[in-house]
Amino acid sequence: MYISQEENMVLSSVFEDIQVIGESEDPEWIAAKLQQMKDPDFESNVVADSHSKGFDKGILEFLNFVQDQPWMYATHQFGYIAPHKLGSIQTQSIQHPSAIQADNTLKNNRVNIRLDRLHIEKYPGGGTHNVLITFAVRNQVANAQESVSFSQTYRVQEGQSAGISGYPIFIGLNVGSQGIAFECSTVNVKNEQDKAILTALESSPFQSGLKLLTTTQPAIAPFTEITLGVVKLLAQRHENVAVQKFYLGLDFEDSAMGCRLVEGNYIAVQVADETVIDWNKWIYKPEIGAIVHKADSSKLPYNYVIFRISRYEE
């Protein structure tokens, strides 16, 4: 199904029917999910306390504890890092995408989107996480649009980042006059049978991203439908759980709260409140390739995704 260009920035999220764990208001469901995933904190707190205090009291105390876990947040705060100058090792400031100037030369042009960082500070289940990350955008072709999505899987040790930088997601994405509606979802996969599906996503056809054309591609629609179907299936399966999802509309307008489209890196940080992080206190150090606090060089204590937008060249 094709969608008019004017409708692009007001569409609902393709992940709207995926419930991340932080959106749940059912404490019993959360406790059951953590138990299914053999979460070490759940095992050491709830199971141990249940013997002395009773199971219900053990769960209640644990749920009070998990409210401050990075994976229990349902909000994302966004940041932006401008492209660095060639050869420069100076630290770079971080701004909210509403504070930057849009690049109007990208309007009705083509861009590449790459994944530069997937950091897992803490996910349910503990240990090494098998993370299925899915991206979705709408590709402007002529006077129509096609919804496209791309999934990849990474094994990430808790407290670390995936061993990737510059991983291609969408190559040659056609930007309309309204900008880009960019979405992302992550699912933590613990189910052993489902890990076979993740292995397929690591095969060579998925290693070069999704290459897009300036004309409609008939194979895109069924590919996207299958991709989203797999994501939604895995998110609901026993021992698996959706952890993050966000929708970021990047446009060319000058409204105070809008986010601008320009080349550079965009950061999406999973937080309890969108005002938690004061970007004035954080910098990017190119010599170590990391975001650190100005005062003590500590790292961001959150789960976050960093993707890059660059101009497409033939």
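Please read these numbers as outputs of a predicted model, since none were measured by experiment.
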May I ask whether Y302 and W279 are part of the same hydrophobic cluster, defined by side-chain heavy atoms of I, L, V, M, F, W, Y residues being less than 4.5 angstrom apart, directly or through others?
yes

So, N112 side chain and I171 main chain: donor-acceptor pair closer than 3.5 Å or not?
no

R260 side chain reached by P97 side chain, heavy atoms, under 4.5 Å:
no

How far apart are the closest heavy atoms of V189 and L234, and which atoms are they?
CG2-CD1, 4.4 Å

Taking K38 for its side chain and E239 for its backbone only, find out whether a donor-acceptor pair lies under 3.5 Å.
no

Does NZ or CZ of K107 fall inside the cone over F252's six-membered ring, less than 6.0 Å from its centre and within 45° of the axis?
yes

Are F246 and L173 in one and the same hydrophobic cluster, where Ile, Leu, Val, Met, Phe, Trp and Tyr link if side-chain heavy atoms are under 4.5 Å apart?
yes

Closest non-hydrogen atom pair, C259 against L248
SG-CD1, 3.8 Å

Here the gap from N265 atom CG to R114 atom CZ, rounded to the nearest 0.5 Å, amounts to 12.0 Å

Identify whether L118 and L300 are in the same connected component of the hydrophobic contact network (ILVMFWY, side-chain heavy atoms under 4.5 Å).
no

Taking a hydrophobic cluster as the set of Ile, Leu, Val, Met, Phe, Trp and Tyr residues connected by side-chain heavy atoms closer than 4.5 Å, whether directly or through intermediates, do I309 and F135 fall within one such cluster?
yes

Is it the case that the side chain of D116 and the backbone of F307 share a donor-acceptor pair, with hydrogens and angles ignored and the cut-off at 3.5 Å?
no

Identify the heavy atoms of G126 and D39 that sit nearest to each other, and give their distance.
N-OD2, 4.3 Å

Could you walk me through whether Q19 and S24 satisfy the side-chain contact (heavy atoms from CB on, under 4.5 Å) test, starting with their C-alpha distance in whole Å, then the side-chain angles of each, then the deciding distance to 0.1 Å, before giving a yes or no?
CA-CA 7 Å; Q19 177 181 265; S24 176; 3.8 Å; yes

Is any side-chain heavy atom of R117 less than 4.5 Å from a side-chain heavy atom of I291?
no

Could you tell me if the side chain of Y154 sits less than 4.5 Å from the side chain of L115, heavy atoms only?
yes

Between T105 and R311, does a side-chain contact (heavy atoms from CB on, under 4.5 Å) hold up when you go through it step by step?
CA-CA 10 Å; T105 66; R311 193 179 302 272; 3.0 Å; yes

Side-chain (N240) to main-chain (K190) donor-acceptor, under 3.5 angstrom:
yes

Heavy-atom closest contact (I94 atom, I283 atom, distance)
CD1-C, 4.0 Å

What distance separates I120 CD1 from T128 OG1, expressed to the nearest 0.5 Å?
11.5 Å

For the CD atom on E287, are there more than 12 heavy atoms of other groups (residues, nucleotides or ligands in this structure) within a distance under 6.0 Å?
yes

List the atom pairs, with distances to 0.1 Å, where a side-chain N or O of residues 269-276 and a protein N or O form a donor-acceptor pair under 3.5 Å, not counting sequence neighbours.
unit_1	atom_1	unit_2	atom_2	d
Q270	OE1	N303	ND2	3.0
Q270	NE2	Y73	O	2.7
Q270	NE2	V243	O	3.0
D273	OD2	T275	N	2.8
D273	OD2	T275	OG1	2.3

In short, G125 meets P40 closest at the heavy-atom pair O-CD, 3.3 Å

Just do the side-chain contact (heavy atoms from CB on, under 4.5 Å) check on H129 and E158 with the steps written out, would you?
CA-CA 7 Å; H129 301 281; E158 192 156 282; 2.8 Å; yes

Salt bridge (charged side-chain N to carboxylate O under 4.0 Å, His left out) against K33, all qualifying residues, sequence neighbours excluded
none

Go through the steps for Y304 and Q77 under the test side-chain hydrogen bond (donor to acceptor under 3.5 Å, both in side chains), then give the verdict.
CA-CA 9 Å; Y304 59 87; Q77 185 171 348; over 6 Å; no

Value rounded to 0.5 Å, distance of CG in L261 from CG in D251:
8.5 Å

With rounding to the nearest 0.5 Å, note down the distance linking CD1 in I21 to CG in N188.
9.5 Å

Roughly how far apart are D17 CG and K232 NZ, rounded to 0.5 Å?
4.0 Å

Is the shortest heavy-atom distance from the side chain of V262 to the side chain of Y80 under 4.5 Å?
yes

From D254 atom CG to S98 atom OG, the distance as rounded to the nearest 0.5 Å:
11.5 Å

Quick one: are V14 and S149 in side-chain contact, heavy atoms under 4.5 Å?
no

Should Y266 and F182 be marked as a ring pair (Phe, Tyr, Trp, His ring centres under 6.0 Å) after you check the CA-CA gap, both sets of side-chain angles, and the distance that decides it?
CA-CA 11 Å; Y266 290 84; F182 183 82; 8.6 Å; no

Report the C-alpha distance between M257 and H96 in whole Å, list the side-chain angles of each, state the deciding distance to 0.1 Å, and finish with yes or no for side-chain contact (heavy atoms from CB on, under 4.5 Å).
CA-CA 10 Å; M257 298 186 69; H96 189 274; over 6 Å; no

So which heavy atom on K285 is nearest to which on T91, and how close?
CG-CG2, 3.9 Å

Could you tell me if the side chain of Y123 sits less than 4.5 Å from the side chain of Q244, heavy atoms only?
yes

Give a yes or no on whether I133 and V137 share a hydrophobic cluster (residues Ile, Leu, Val, Met, Phe, Trp, Tyr; joining criterion: side-chain heavy atoms under 4.5 Å apart).
yes

